[in-house]
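Single-structure report; data block below.
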Amino acid sequence: SVLGLELGLRQRFTDLPGLWNGFGVSGNLTLQKTEAEIRVSGIGNNLTRRLVNAPDSIINASLFYNKYGLRAELAYSRVGLIYKDVRSNNDDTWVQPMRRLNFNANYQLSNGWQIGAAVENILNDQSYWATQGKEKTLLSHDRKGGYVETGRTFMVNTSVTF
């Protein structure tokens, strides 16, 4: 079973004067509660658990600008705790919450050229973190778990339209 709520908003501030009316905000919130009966070999009983790979929450928020040839966005996202798999004789595997803060900007020049830059993972958070049990203390020890930290990514780009 799945019980959830999703809310979303995107608003550009067109009533503001001058350069300010290029700004806007957007956001999305998803909350869900899942439940399933799972039969685990070796135990012989059905267990009630969350659905596998279904996060308890997803949050997206951004501040953007689009005017005078400039397009820019500062975007934040967070995926909540995820139930990964059932263990018959150990604590179940969970994926810890992950968050990202990214920035990108592009400027359109009058001669058809566009230049841009982006920074991903400004907060330098992990990309993946699986644990045995819900707590952050015991790293999952098999091929389905672990810890991945990719760091920040920087990009500069240019393109031309003709």
Side-chain angles (χ1 to χ4, degrees), residues 2 4-34 50-85 91-162:
V2 177
L5 172 69
E6 184 168 19
L7 303 170
L9 166 77
R10 183 166 179 89
Q11 179 65 49
R12 188 167 169 195
F13 303 120
T14 55
D15 292 337
L16 294 176
L19 69 92
W20 298 105
N21 67 16
F23 280 101
V25 294
S26 68
N28 180 276
L29 170 67
T30 303
L31 303 171
Q32 61 184 5
K33 181 180 179 183
T34 65
R50 285 178 34 182
L51 287 177
V52 173
N53 292 327
D56 58 1
S57 61
I58 302 170
I59 299 169
N60 296 297
S62 70
L63 172 65
F64 60 88
Y65 187 82
N66 188 359
K67 192 168 183 178
Y68 303 123
L70 177 64
R71 289 180 295 128
E73 180 179 36
L74 181 65
Y76 174 82
S77 66
R78 182 187 184 277
V79 176
L81 191 64
I82 298 172
Y83 183 63
K84 186 66 178 164
D85 66 11
D91 289 335
D92 298 339
T93 304
W94 293 80
V95 177
Q96 295 297 319
M98 297 166 281
R99 63 185 185 154
R100 281 281 182 270
L101 181 64
N102 300 329
F103 176 76
N104 68 71
N106 291 289
Y107 184 70
Q108 183 71 48
L109 300 169
S110 60
N111 60 6
W113 280 99
Q114 179 175 283
I115 56 173
V119 182
E120 290 190 10
N121 195 12
I122 294 169
L123 301 173
N124 201 28
D125 270 6
Q126 79 279 353
S127 299
Y128 183 80
W129 181 7
T131 58
Q132 245 181 288
K134 281 186 178 182
E135 301 302 319
K136 298 177 180 182
T137 53
L138 186 59
L139 190 65
S140 181
H141 64 282
D142 65 3
R143 293 176 289 152
K144 296 179 183 176
Y147 185 85
V148 177
E149 186 176 335
T150 57
R152 289 181 195 92
T153 304
F154 301 88
M155 182 178 74
V156 176
N157 63 67
T158 185
S159 63
V160 64
T161 303
F162 52 93

Hey, is the main chain of [Y] close enough, under 3.5 Å, to the side chain of [X] for a donor-acceptor pair?
X      : Y      : value
Asn106 : Arg71  : no
Gln32  : Pro55  : yes
Lys67  : Trp20  : no
Gln96  : Lys134 : yes
Tyr83  : Asp92  : no
Arg12  : Asn66  : yes

To check you understand the geometry: which heavy-atom pair defines the closest contact between [X] and [Y], and what is its length?
X      : Y     : value
Gly133 : Asp91 : N-CB, 3.7 Å
Thr34  : Ala54 : CG2-CB, 4.1 Å
Gln126 : Pro97 : NE2-O, 2.9 Å
Leu31  : Ser57 : CD2-CB, 3.7 Å
Val25  : Phe64 : N-CE2, 3.4 Å
Thr14  : Asn21 : O-CB, 3.7 Å

Exercise. Quick one: do Thr131 and Leu138 satisfy side-chain contact (heavy atoms from CB on, under 4.5 Å)? Show the steps, please.
Key: CA-CA 6 Å; Thr131 58; Leu138 186 59; 5.7 Å; no
With rounding to the nearest 0.5 Å, note down the distance linking [atom1] in [X] to [atom2] in [Y].
X      : Y      : atom1 : atom2 : result
Ile82  : Ile58  : CD1   : CD1   : 8.0 Å
Phe23  : Leu63  : CZ    : CG    : 6.5 Å
Leu29  : Leu7   : CG    : CG    : 5.5 Å
Leu101 : Ile122 : CG    : CD1   : 4.0 Å

Fill in: Minimum side-chain heavy-atom gap Phe162-Val160 below 4.5 Å
yes
Quick one, Asp56 and Arg50 - any side-chain contact, counting heavy atoms below 4.5 Å?
yes
Please determine whether side-chain contact (heavy atoms from CB on, under 4.5 Å) holds for the pair Ile59 and Arg99, giving the CA-CA distance in whole Å, both sets of side-chain angles, and the decisive distance to 0.1 Å.
CA-CA 9 Å; Ile59 299 169; Arg99 63 185 185 154; over 6 Å; no
Without hydrogens or angle criteria, can the side chains of Asn121 and Arg152 be said to hold a donor-acceptor pair below 3.5 Å? no
Check: Thr161/Gln114 side-chain N/O donor and acceptor closer than 3.5 Å: no
side-chain contact (heavy atoms from CB on, under 4.5 Å) evaluation trace for Met155 with Asn104: CA-CA 9 Å; Met155 182 178 74; Asn104 68 71; over 6 Å; no
* Asked: Would Asp125 and Met98 satisfy side-chain contact (heavy atoms from CB on, under 4.5 Å), going step by step from the backbone distance to the final call?
  -> CA-CA 7 Å; Asp125 270 6; Met98 297 166 281; over 6 Å; no
Open item on the list: Surrounding CD of Glu135 (heavy atoms of other residues, nucleotides or ligands, distance under 6.0 Å), is the total greater than 12?
Closed with: no
message: Are there over 12 heavy-atom neighbours, none belonging to Asp15, within less than 6.0 Å of that residue's CG?
response: no
